[in-house]
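Note that ligands are numbered from 1 as they come in the structure, with each ligand's atoms numbered from 1 the same way. Reckoned from all heavy atoms, side chains included, excluding hydrogens, waters and symmetry mates.
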Amino acid sequence: HATEAHQTDLMTITRFVLNEQTKRPESRGDFTILLNHIVLGCKFVCSAVNKAGLAKLIGLAGETNVQGEEQKKLDVLSNEVFIKALVSSGRTCILVSEEDEEATFVEPSLRGKYSVVFDPLDGSSNIDCGVSIGTIFGIYMLKDSHEPTIEDVLQPGKNMVAAGYCMYGSSCTLVLSTGTGVNGFTLDPSLGEFILTHPNIKIPKKGKIYSVNEGNAKNWDGPTAKYVEKCKFPKDGSPAKSLRYIGSMVADVHRTLLYGGTFLYPADKKSPNGKLRVLYEVFPMSFLMEQAGGQAFTGKLRALDLVPEKIHERSPIFLGSYDDIEEIKALYAAEEKAA
Ligand code: P6P
């Protein structure tokens with residue numbers, strides 16, 4: 001009967017979130033409406049990315065497609081779709097996108113109580129070789145109704161009410177947390193619905209994989225170098241870890257969430273704040289990691305405690321299995337003490 005139930009009792013992402021939200025007395029359905037518009041954006045991007053292989057159809061900026069239309073790069077196109085979907089939801093007030101230098105302040109007639117920070121197509125440089133890429137998003141709720149200012153999105157990640165990513169790979173998987181655990185949904189193209197496929201995701205306490213761009217090794221600081229050395233040449237006789245690095249954050253983080261281990265984008269001499277952006281890469285992934293029982297650390301503090309000063313600022317990030325990140329924190333603490 002279980003399979004029958006599955007076939008007829010479809011747990012779509014909308015139904016799942018509605019169930020969660022109705023448990024909150026103050027909920028008026030706004031979040032569910034907002035999420036539905038984010039899901040619409042993800043469905044569009046999934047379809048466009050899958051077609052991207054037919055380059056002539058999608059083309060790249062500056063090229064024209066078979067209809068002779070000027071084609072936009074996929075990340076520009078995706079950004080426009082998300083901005084329009086979020087504004088038209090009538091539930092947002094400030095939008096921060098990796099693609100836009102300035103934040104978007106929604107006009108008063110369409111203004112709602114949520115701010116959304118997002119990277120519409122992270123890792124888009126990997127499209128041409130078919131590597132999985134993704135949309136990453138985080139959601140803040142405005143405390144009370146006041147004229148929104150940029151300060152309303154320069155909040156620590158721990159104030160986010162929800163975060164998630166959608167990975168465009170062999171299948172289209174949306175992983176979401178609204179603060180009560182992490183759940184994964186897979187797009188069923190025949191229904192056009194995201195169906196619950198990964199309920200209550202928990203990251204293994206320890207992992208056998210580390211994920212970092214070893215090409216930056218010459219620029220790493222002491223603790224990072226020591227941690228990677230320990231992964232490759234363990235002193236306690238345990239087996240060496242495997243290195244898995246895809247170079248697309250959503251894909252590397254999704255594997256880490258499901259299989260365990262660590263994902264690092266450390267600071268280095270060339271980039272003292274690392275490469276990944278605080279608001280729409282570090283915070284959402286750190287939120288998910290903590291909700292799944294893992295940790296996220298910047299080398300100095302808990303990632304979600306960071307208070308951003310600029311909407312595109314960067315931070316080093318070490319995230320993954322709880323015990324593995326404890327090891328990294330101990331190495332940084334030891335360096336702190338020795339200093
Ligand atoms: P590197 C992709 O360009 C990205 O922003 C993330 O998705 C990814 O984790 C990182 O950069 C890869 O950076 O320097 O290792 O190529």
(request) Kindly indicate, with the supporting measurements, whether the criterion side-chain hydrogen bond (donor to acceptor under 3.5 Å, both in side chains) is fulfilled by Asp100 and Asn79. (result) CA-CA 9 Å; Asp100 297 329; Asn79 185 50; 3.2 Å; yes
(request) Test ring pair (Phe, Tyr, Trp, His ring centres under 6.0 Å) on Phe318 and Tyr332 and set out the steps. (result) CA-CA 11 Å; Phe318 304 82; Tyr332 273 94; 5.4 Å; yes
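Taking only nitrogen or oxygen atoms, main chain and side chain alike, Ser248 does not reach within less than 3.5 Å of ligand 1. Of the N or O atoms in Asn126, none lie within a sub-3.5 Å distance of an N or O in ligand 1. Of the polar atoms of Asp252, none of the N or O atoms is found under 3.5 Å from an N or O of ligand 1, judged by distance alone.
Closest to atom 14 (O) of ligand 1 among all protein heavy atoms lies Tyr265 OH, 2.6 Å. In terms of protein heavy-atom proximity, atom 13 (O) of ligand 1 is nearest to Lys275 NZ, 3.0 Å.
The pair Arg277-Asp119 fails the salt-bridge criterion, with no side-chain N (NZ, NE, NH1 or NH2) lying under 4.0 Å from an Asp/Glu carboxylate O.
Nearest-heavy-atom check against atom 5 (O) of ligand 1 across Glu281, Met249, Met285 picks out Glu281.
Atom numbering of ligand 1 starts at 1 in the shown order; those under 4.0 Å from a heavy atom of Gly247 are 2 (C), 8 (C), 12 (C). The ligand atoms of ligand 1 that sit less than 4.0 angstrom from a heavy atom of Asn213 are 1 (P), 14 (O), 15 (O). Atoms of ligand 1 found under 4.0 Å from any heavy atom of Tyr245 (numbered from 1 in listed order, with element): 1 (P), 12 (C), 13 (O), 15 (O).
In the model, Thr178 has a side-chain atom that pairs as donor or acceptor with a side-chain atom of Glu20 under 3.5 Å. A donor-acceptor contact closer than 3.5 angstrom links the side chains of Glu107 and Ser109.
Closest of all the heavy-atom pairs between Lys205 and Ser321 is O-CB, 3.3 Å.
Between His198 and Phe185, the distance separating the two ring centers is not shorter than 6.0 angstrom.
Residue-ligand proximity: Asp122 is placed with a non-hydrogen atom under 4.0 Å from ligand 1.
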